[in-house]
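Hydrogens, waters and symmetry mates are skipped; everything else that's a heavy atom, side chains included, is used. Naming convention: chains lettered A, B, ... in sequence-line order (proteins, then strands); numbering from 1 in each chain.
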Protein chains: 2
Amino acid sequence: MAECQDPLRENAPPSPVEAVPLSRASITDAAIDFIEDHGLDRLSMRALATELGCGTMSLYSHVRNRDDLVAAIVGELLERSGILAVTASEFTGWQQLITASLHAYRDLAVDYPGSFELLALAPYDVAPVVEHLERLVVALRRAGVTGDRAYEVLGALDAYATGFLMVWARAQAGRKESDERASSSLRDLRTLEVFDQGLRVFIEGFELEFARNEPAAD
Amino acid sequence: MAECQDPLRENAPPSPVEAVPLSRASITDAAIDFIEDHGLDRLSMRALATELGCGTMSLYSHVRNRDDLVAAIVGELLERSGILAVTASEFTGWQQLITASLHAYRDLAVDYPGSFELLALAPYDVAPVVEHLERLVVALRRAGVTGDRAYEVLGALDAYATGFLMVWARAQAGRKESDERASSSLRDLRTLEVFDQGLRVFIEGFELEFARNEPAAD
DNA sequence: ACCTGAACACCGTTCAAGT
DNA sequence: ACCTGAACACCGTTCAAGT
């Protein structure tokens, strides 16, 4: 008795899901839910285990340590966003590819404001992200940008999106505590429009630069 | 005996400065040094007290809690950067004002890579920052930008700088552990040039926008 | 006012022991 | 293989007691 799926009812906190068997995936899903519900700063191995109705150390059978759990969360969020599929489909130019990618990134901040910070500050090492970047570089090279400069341009645009959305997500997550839920959605849409506008302006700046550097190519 | 200024020599760790009397300022300075030496994640009230050669709770006589210490650090870094003085001097246009401000911001990341994150993620509430922003808004309004749009433009440029420099500072701080100190400075300068380039491109994008929206004003 | 140790309520993680 | 409680080495902070 007292297995993970069947905790003593009298002591169990009123958690929404706990019939799920423990696995790396179910732990990751629960962690994401936990962060969105209670905030990133409240996530701990102990609290997550309590939420799942199992002993703390049971988590370590499916996850190496806290960093590994964070990596799993980042991977899961990337998968859910479909951001990696963006560059796999057909777009006409680098502008559309980058815009679509960063819009998917933006939507991630909207859907997971509490967890977004983990994603924004995660190292680039994840394999599928590198692949995704590579496809964007190819698109830029088709526009006459050299490989090195392509990485710099992508880095700059990514920096803008990351900086903007991280501040936005923080404000969003912080608002959950206070009670201004009613009027918030309008303000939010407004701010996200500003995000899109800034992105457009930044891209236009690069178009200007590319046009200056490659006038004889046409 | 066993006062803060005169700890038992035999038990005292070999810390560089400990003749300084305890005060909000000395604690803040020591915290900044500690972060740059050992990393932000190693900063704790207990470790800082040990570094200062005093009991943990002595810190609480000069600092309300950890968040208050962080606020003091952010304020001190802002002061050291001279970023607030930038907009007090005379510049010709909003482009120069913003560029100078964000270059001061950039230099802060260079000088305090370990602490930069605190600054980047700190809430805007600090009074002098608001004042600084206000002066930038005035400069933009002189260029025909409405007040609301001015805040948006500043937010976008700040988002770029924050996103770029935070990633850079993290990489910088992380490199301290590894032993690639020799070849690093060249790479660093290169990356900071990319920062400046991106800033120029972004500003040019906004110039383009402003020119489009106010063609009849001239 | 300033400093302090003990204590409380938390962490992540190792270990030895269970099934 | 999966799960677990006890234990270790940490946190921030409160409290009561010292000067």
Between [atom1] of [X] and [atom2] of [Y], what distance do you get to the nearest 0.5 Å?
X	Y	atom1	atom2	value
A:Leu154	A:Phe206	CG	CZ	9.0 Å
B:Leu192	B:Arg190	CG	CZ	11.0 Å
A:Leu157	A:Trp94	CG	CH2	7.0 Å

Sequence neighbours excluded, every pair satisfying side chain to side chain donor-acceptor pair (under 3.5 Å) that has a member inside residues 56-71 of chain A: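 Only A:Arg24-A:Asp68 qualify under side chain to side chain donor-acceptor pair (under 3.5 Å).
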Phosphate-side-chain proximity, B:Ser44 and D:dC11, N/O vs OP1/OP2 below 4.0 Å: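 Looking at the OP1 and OP2 atoms of D:dC11, one of them is under 4.0 Å from a side-chain N or O of B:Ser44.
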Please list, pair by pair, any protein nitrogen or oxygen found under 3.5 Å from a nitrogen or oxygen in nucleotides 6-8 of chain D.
none

Nearest-nucleotide pick for A:Leu22, side chain only, options being D:dT4, D:dC3, C:dT13: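 That would be D:dC3.
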Applying a 3.5 angstrom cut-off to the pairing atoms, does DNA chain C sit in any stems of at least three consecutive Watson-Crick or G-U pairs? List them by first number.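 If one scans DNA chain C for consecutive Watson-Crick or G-U pairs, the stems found are C:4-8 with D:12-16, C:12-16 with D:4-8.
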If I take atom [atom1] in residue [X] and atom [atom2] in nucleotide [N], what distance separates them, rounded to the nearest angstrom?
X	N	atom1	atom2	result
A:Met45	D:dG5	CE	C1'	16 Å
A:Ile27	D:dC2	CD1	P	11 Å
B:Asp41	C:dG12	CG	P	15 Å

Backbone N or O of [Y] within a donor-acceptor pair of the [X] side chain at under 3.5 Å?
X	Y	value
A:Arg135	A:Leu84	yes
B:Gln172	B:Val110	no
B:Tyr160	B:Phe195	yes

Scan residues 60-67 of chain A against DNA chain D and write down, sorted by residue number, each residue with any heavy atom closer than 4.0 Å; if none is found, say none.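 Per residue number, the list reads A:Ser61, A:His62.
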Got a list of side-chain donor-acceptor pairs under 3.5 Å for residues 72-83 of chain B, not counting sequence neighbours?
residue	atom	partner	partner atom	Å
B:Glu76	OE2	B:Arg80	NE	2.7
B:Glu76	OE2	B:Arg80	NH2	3.4
B:Arg80	NH1	B:Tyr112	OH	3.0
B:Arg80	NH2	B:Asp29	OD1	3.0
B:Ser81	OG	B:Leu78	O	2.8
B:Ser81	OG	B:Ile83	N	3.0

Do any side-chain atoms of residues 95-103 of chain A form donor-acceptor pairs under 3.5 angstrom with protein atoms, and if so which ones, sequence neighbours left out?
residue	atom	partner	partner atom	Å
A:Gln95	NE2	A:Glu207	OE2	2.6
A:Gln96	OE1	A:Thr92	OG1	3.4
A:Gln96	OE1	A:Gly93	N	3.4
A:Gln96	NE2	A:Thr92	OG1	3.2
A:Thr99	OG1	A:Gln95	O	2.6
A:Ser101	OG	A:Leu97	O	2.9
A:Ser101	OG	A:His132	NE2	3.3
A:His103	NE2	A:Asp196	OD1	3.4

Closest approach of A:Ala173 to A:Gly114 (non-hydrogen atoms, all atoms of both residues):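 Nearest pair, atom of A:Ala173 first, then A:Gly114: CB-CA, 4.4 Å.
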